[in-house]
Participant: 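This is the structure I want to talk about, given as structure tokens.
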Amino acid sequence: IDVMAGLPGQSLESFRATFEEVLSWRPDTIHINPFEPTPLTRFSQRGERHGDRARRLSAAMQLYGRVRMQDEGYGALPYDAMALKPEARNRQLEESVIEGNSFLGLGCGAVSCAGGRLRYVNTGNLESYCRAAEAGRLPTLKSCALGPRQERINFVLNHLWYGRLDDRDFKRAFGRSLRASFAPAIRHLETLGVLKREAGASAWRVENRGPAADFEVRRAFFEAGVVRALAAAK
């Protein structure tokens, strides 16, 4: 079950009511998804912005959900949400994050990735999607080519999104160390306190999660044009 947190017009009380109803069903896995107003959402296209108050409210909803799941016997899974048992994990998500495997998204707004070649997103407009499908065309809205550097960046960002980045995983995937690939970015994020090296390990964990830290992570790895677009979207 996916539950959205921080939707426009949503209150903490309405989120709690929804979440308690979902908990009563005892689904194997519950994902709490924070509302992220990407440029493709109607929210952003209308010129609206997600302010600090909305982010704090979303964070409060997410915290409430995690605490209640723990109360009800749900445990955290690596690279996934909270579940009643490890067998409930999303294997597709696990493979795309840990192994960097290709994946195919079929629905409106779904993202697809052909490893080392292409990443694209489907149109989010149902009418356009149906017209393309009926004409035998992929309902693609936008796409970008993937080279070796973009693959490495995608791997790093996927792992940081889930809170931990291990140099051994990176070496296994790309045959080189993280510092050999991204030494300035790693140093910058360590200086800011966003990343912290685990004692006696070849891994970093994300500290001080939040919009500011997430933006710093993207600024450290994305190209300048992408960072400017992200800043404008804020």
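Only a predicted model underlies this, so the values are computations on that prediction, with no experimental measurement involved.
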Participant: Between the side chain of T29 and the main-chain N/O of A88, is any donor-acceptor distance below 3.5 Å?
Facilitator: yes

Participant: So, taking the atom named CG in L178 and the one named CZ in R168, what distance separates them when rounded to the nearest 0.5 Å?
Facilitator: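 CZ of R168 is found 12.0 Å from CG of L178.
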
Participant: Could you tell me whether E48 and R42 have a side-chain N and a carboxylate O separated by less than 4.0 Å?
Facilitator: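 No, no charged N to carboxylate O under 4.0 Å.
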
Participant: Donor-acceptor pair, R55 side chain versus H50 backbone, under 3.5 Å?
Facilitator: yes

Participant: What's the separation between atom CE in M82 and atom CD1 in I30, rounded to the nearest 0.5 Å?
Facilitator: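 Rounded to the nearest 0.5 Å, the CE-CD1 separation comes out at 9.0 Å.
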
Participant: Scan for side-chain hydrogen bond (donor to acceptor under 3.5 Å, both in side chains) pairs involving residues 121-132, sequence neighbours excluded, and state none if there are none.
Facilitator: N125-S128, S128-R131

Participant: Check Q62 against A5 and note the closest heavy-atom contact, atom names and distance.
Facilitator: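 Taking every non-hydrogen atom into account, CG-CB, 4.0 Å.
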
Participant: Could I get the full list of ring-ring contact (aromatic ring centres under 6.0 Å, His included) partners for Y64, not counting sequence neighbours?
Facilitator: none

Participant: So which heavy atom on S143 is nearest to which on T140, and how close?
Facilitator: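 Smallest interatomic distance, heavy atoms only, reads CB-CG2, 4.5 Å.
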
Participant: Just jot down the side-chain hydrogen bond (donor to acceptor under 3.5 Å, both in side chains) partners of S11, sequence neighbours excluded, or say none.
Facilitator: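 With neighbours one apart ignored, the set is S14.
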
Participant: Residues in salt bridge (Lys or Arg N to Asp or Glu O under 4.0 Å) with K171, at least two apart?
Facilitator: D167

Participant: Within this structure, what is the CG-CG distance for the pair L63 and L12, rounded to the nearest 0.5 Å?
Facilitator: 10.0 Å

Participant: If you measure from CG on L138 to OG on S112, what distance do you get to the nearest 0.5 Å?
Facilitator: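 It is 8.0 Å, given to the nearest 0.5 Å.
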
Participant: Taking the inter-plane angle between the rings of F19 and F15 on a 0 to 90° scale, is it parallel (under 30°), tilted (30 to 60°) or perpendicular (over 60°)?
Facilitator: parallel

Participant: Search all heavy atoms of H31 against all heavy atoms of A81 and return the closest pair with its distance.
Facilitator: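 Closest heavy-atom pair between H31 and A81: CD2-CB, 3.3 Å.
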
Participant: Give a yes or no answer on whether the side chain of Q10 reaches the backbone of G6 with a donor-acceptor pair at less than 3.5 Å.
Facilitator: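 Pair found, side chain donor or acceptor close to backbone of G6.
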
Participant: Please check this pair: side chain of Q150 against backbone of G147, looking for a donor-acceptor N/O pair closer than 3.5 Å.
Facilitator: yes

Participant: Over all heavy atoms of both residues, which pair between P27 and I1 is shortest? Give the atoms and the distance, please.
Facilitator: CB-CG1, 3.6 Å

Participant: Tell me the salt bridge (Lys or Arg N to Asp or Glu O under 4.0 Å) pairs involving residues 175-204, sequence neighbours left out?
Facilitator: R164-E198, R179-E190

Participant: Once rounded to the nearest 0.5 Å, what's the spacing between atom CZ of F221 and atom CG of L160?
Facilitator: 6.0 Å

Participant: Shortest non-hydrogen contact from P139 to A132?
Facilitator: CA-CB, 3.7 Å

Participant: For a quick test of reading the model, state the closest non-hydrogen atom pair linking S102 to G115 and the distance between them.
Facilitator: OG-N, 2.8 Å

Participant: With sequence neighbours left out, what residues match D169 under side chain to side chain contact (heavy atoms under 4.5 Å, CB included)?
Facilitator: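 Residues passing side chain to side chain contact (heavy atoms under 4.5 Å, CB included) with D169: Y79, F155, H159, D166, R172.
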
